[in-house]
Novice: 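Submitted below is the structure of interest, expressed as structure tokens.
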Amino acid sequence: MENKIYSLLGFAQKSKNLFSGENTCEIYIKKKVIKLIIIAEDASHNTLKKMINLCNSNGIPYIIFGNRDMLSKSIGKINRTVLGIKDENFVKKILEIAELLNIERSV
């Protein structure tokens, strides 16, 4: 079931509905473009805290899922711990799967 999330992330990347990297996601959160943030389980404490605070203050849901290597591989990049999704359909499907897997999240 986790593979479905990784697959959706790949499709989101290919369709230009995904932003990656902490700084890029921060910019697009502030521009109100991102609808969901995915934070890697092995992200640094500072990154985790910063992104959760940003999401909470901007009313954006987030999930803590996967690790840096798997998230990066799924989108064809390297060393990414934060991903932002801008398409509502991808967000809806990812959150449905996250709920089934009991992934830590905020909605």
Novice: Checking the side chain of Ser74 only, and the main-chain atoms of Leu71 only, is there a donor and an acceptor separated by less than 3.5 Å?
Specialist: yes
Novice: Crowded around Phe11 CZ? As in, over 12 foreign heavy atoms under 6.0 Å?
Specialist: no
Novice: Answer yes or no: are there more than 12 heavy-atom neighbours, outside Ile78 itself, under 6.0 Å from its atom CD1?
Specialist: no
Novice: Does a side chain donor of either Ser15 or Asn17 reach within less than 3.5 Å of an acceptor in the other side chain?
Specialist: yes
Novice: So, do Leu36 and Ile60 sit near enough that their side-chain heavy atoms are less than 4.5 Å apart?
Specialist: no
Novice: Is it the case that more than 12 heavy atoms not belonging to Glu96 sit under 6.0 Å from its CD atom?
Specialist: yes
Novice: What do the steps show when you test Asn56 against Tyr62 for side chain to side chain contact (heavy atoms under 4.5 Å, CB included), and what is the final call?
Specialist: CA-CA 9 Å; Asn56 288 338; Tyr62 66 86; 3.8 Å; yes
Novice: Please identify each residue that fulfils side-chain hydrogen bond (donor to acceptor under 3.5 Å, both in side chains) with Thr24, with sequence neighbours left out.
Specialist: none
Novice: Is a side-chain donor or acceptor of Ser7 paired with a backbone partner of Asn3 at a separation under 3.5 angstrom?
Specialist: no
Novice: Could you check if a side-chain atom of Ile103 sits within less than 4.5 angstrom of a side-chain atom of Ile64, using non-hydrogen atoms only?
Specialist: no
Novice: Enumerate the side-chain hydrogen bond (donor to acceptor under 3.5 Å, both in side chains) contacts for residues 80-95, please, sequence neighbours excluded, ordered by first and then second residue.
Specialist: Ser20-Arg80
Novice: Restricting to pairs with a member in residues 18-27, which pass salt bridge (charged side-chain N to carboxylate O under 4.0 Å, His left out), not counting sequence neighbours?
Specialist: Glu22-Lys50, Glu26-Lys30, Glu26-Lys50
Novice: Which value, rounded to the nearest 0.5 Å, describes the distance between Leu83 atom CG and Met51 atom CE?
Specialist: 10.0 Å
Novice: I'd like to know whether Val82 forms a side chain to side chain contact (heavy atoms under 4.5 Å, CB included) with Ile38, so could you lay out the CA-CA distance, the side-chain angles of the two residues, the decisive distance to 0.1 Å, and finally the verdict.
Specialist: CA-CA 6 Å; Val82 179; Ile38 300 170; over 6 Å; no
Novice: Would Asn67 and Glu41 satisfy side chain to side chain contact (heavy atoms under 4.5 Å, CB included), going step by step from the backbone distance to the final call?
Specialist: CA-CA 5 Å; Asn67 62 47; Glu41 293 167 352; 5.6 Å; no
Novice: Given side chains that start at C-beta, do those of Leu54 and Ile37 come closer than 4.5 Å, heavy atoms only?
Specialist: no
Novice: Give the ring-plane orientation class for Tyr28 versus Phe19, where under 30° counts as parallel, over 60° as perpendicular and anything between as tilted.
Specialist: parallel
Novice: Before giving the answer on side chain to side chain contact (heavy atoms under 4.5 Å, CB included), spell out for Phe65 and Glu2 the whole-Å C-alpha distance, their side-chain angles and the decisive distance to 0.1 Å.
Specialist: CA-CA 9 Å; Phe65 171 76; Glu2 287 182 7; 3.9 Å; yes
